[in-house]
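The block underneath contains the structure these notes are about, expressed in structure tokens.
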Amino acid sequence: MSTAESRNPADADVPMQEIAVNAYRTESAMVIVAPMPGVMPDDVDIRVDGTSVSLRAELRSDAPKDYVIHEWDYGAYQRTVDIGEGYGAPVTATLGKGQLVVSLAAGGDAPSGPIEVHAPGPG
């Protein structure tokens with residue numbers, strides 16, 4: 001993207017960015033952490049499909065700017081993560097300080113429908 005270009009959420013050709021993730025297992029869960037700056041919890045769509053988790057967030061807004069350096073963008077994120085078998089509901093998801101954290105319970109059943117994303121609680 002050139003320094004003078006700006007992405008508009010209504011543009012059909014706005015590319016999705018494949019986001020980097022960190023994932024780890026505990027005795028009770030699989031936890032996925034992904035950076036998602038510039039989006040709100042309601043912008044994020046999380047779906048669990050068998051042995052994978054799909055993370056997606058649409059571009060919220062991008063005001064035109066005359067960038068001197070433009071190496072990353074806010075929003076339009078996507079990633080599918082293979083989690084293997086044996087993880088599912090309950091699933092919790094929080095988005096705070098530009099970081100999405102998704103936790104899937106070990107031994108849980110696959111949840112149906114999208115996962116609700118919350119802002120982290122105080123503390």
Side-chain angles (χ1 to χ4, degrees):
M1 190 171 292
S2 76
T3 58
E5 285 182 80
S6 179
R7 297 183 336 157
N8 181 336
D11 290 345
D13 62 349
V14 172
M16 298 294 283
Q17 302 176 72
E18 182 170 286
I19 53 174
V21 298
N22 291 333
Y24 59 93
R25 291 183 171 106
T26 68
E27 288 185 22
S28 60
M30 164 70 81
V31 180
I32 300 167
V33 183
M36 287 193 173
V39 298
M40 302 297 288
D42 289 346
D43 299 331
V44 180
D45 180 56
I46 302 170
R47 300 197 184 250
V48 179
D49 183 20
T51 61
S52 66
V53 176
S54 295
L55 312 173
R56 184 180 179 99
E58 296 298 327
L59 179 64
R60 180 166 265 269
S61 65
D62 189 16
K65 295 174 185 70
D66 187 16
Y67 289 104
V68 175
I69 298 172
H70 189 188
E71 296 181 343
W72 62 276
D73 291 301
Y74 287 107
Y77 305 114
Q78 72 177 2
R79 180 67 185 265
T80 299
V81 179
D82 182 19
I83 58 171
E85 293 183 8
Y87 296 97
V91 178
T92 59
T94 57
L95 178 67
K97 297 183 181 177
Q99 182 171 280
L100 176 68
V101 179
V102 180
S103 178
L104 300 98
D109 294 327
S112 60
I115 306 303
E116 188 172 351
V117 180
H118 301 277

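Counting begins at 1 with the first residue of the sequence.
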_Contact between V102 and V81 at the side-chain level, heavy atoms closer than 4.5 Å - yes or no?_
no
_Shortest non-hydrogen contact between V91 and I115, atoms and distance_ = CG1-CG2, 3.8 Å
*asked:* Using side-chain heavy atoms (C-beta onward) and a distance below 4.5 Å, is I83 in contact with I32?
replied: yes
*Supply the atom-to-atom distance D43 CG to L100 CG, rounded to the nearest 0.5 angstrom.*
11.5 Å
_Looking at every non-hydrogen atom in both residues, tell me the closest pair between P111 and G88 and how far apart they are._
CD-CA, 4.3 Å
*Under 3.5 Å, side chain of Y77 to main-chain N/O of P37, donor-acceptor pair present?*
yes
*Is there side-chain contact between T51 and E85, with heavy atoms separated by less than 4.5 Å?*
yes
*Do other residues, nucleotides or ligands put more than 12 heavy atoms under 6.0 Å from D82 CG?*
yes
*asked:* Give me the atom names and distance for the closest heavy-atom approach of A89 to A105.
replied: O-CB, 3.8 Å
_Applying the side-chain contact (heavy atoms from CB on, under 4.5 Å) criterion to R56, which one of M16, R79, R47, M36 satisfies it?_
M16
*Return the set of residues passing side chain to side chain donor-acceptor pair (under 3.5 Å) with S54 (not counting sequence neighbours), or none when no residue passes.*
T80
*So do the side chains of V44 and L55 get within less than 4.5 Å of each other, counting heavy atoms only?*
no
_Spatial distance of atom OH (Y87) from atom OG (S103) [nearest 0.5 Å]_ = 10.0 Å
*Take atom CG in D45; do more than 12 heavy atoms of anything else shown fall under 6.0 Å from it?*
yes
*Taking all heavy atoms of A34 and all of V21, pick out the closest pair and write down the distance.*
CB-CG1, 3.8 Å
*Could you check V31 against V101 for side chain to side chain contact (heavy atoms under 4.5 Å, CB included), going step by step and ending with a plain yes or no?*
CA-CA 7 Å; V31 180; V101 179; 3.9 Å; yes
_Inter-residue atom distance H118.NE2 - D42.CG, 0.5 Å rounding_ = 10.0 Å
_So which atom in P35 and which in A20 form the shortest heavy-atom distance, rounded to 0.1 Å?_
CD-O, 3.1 Å
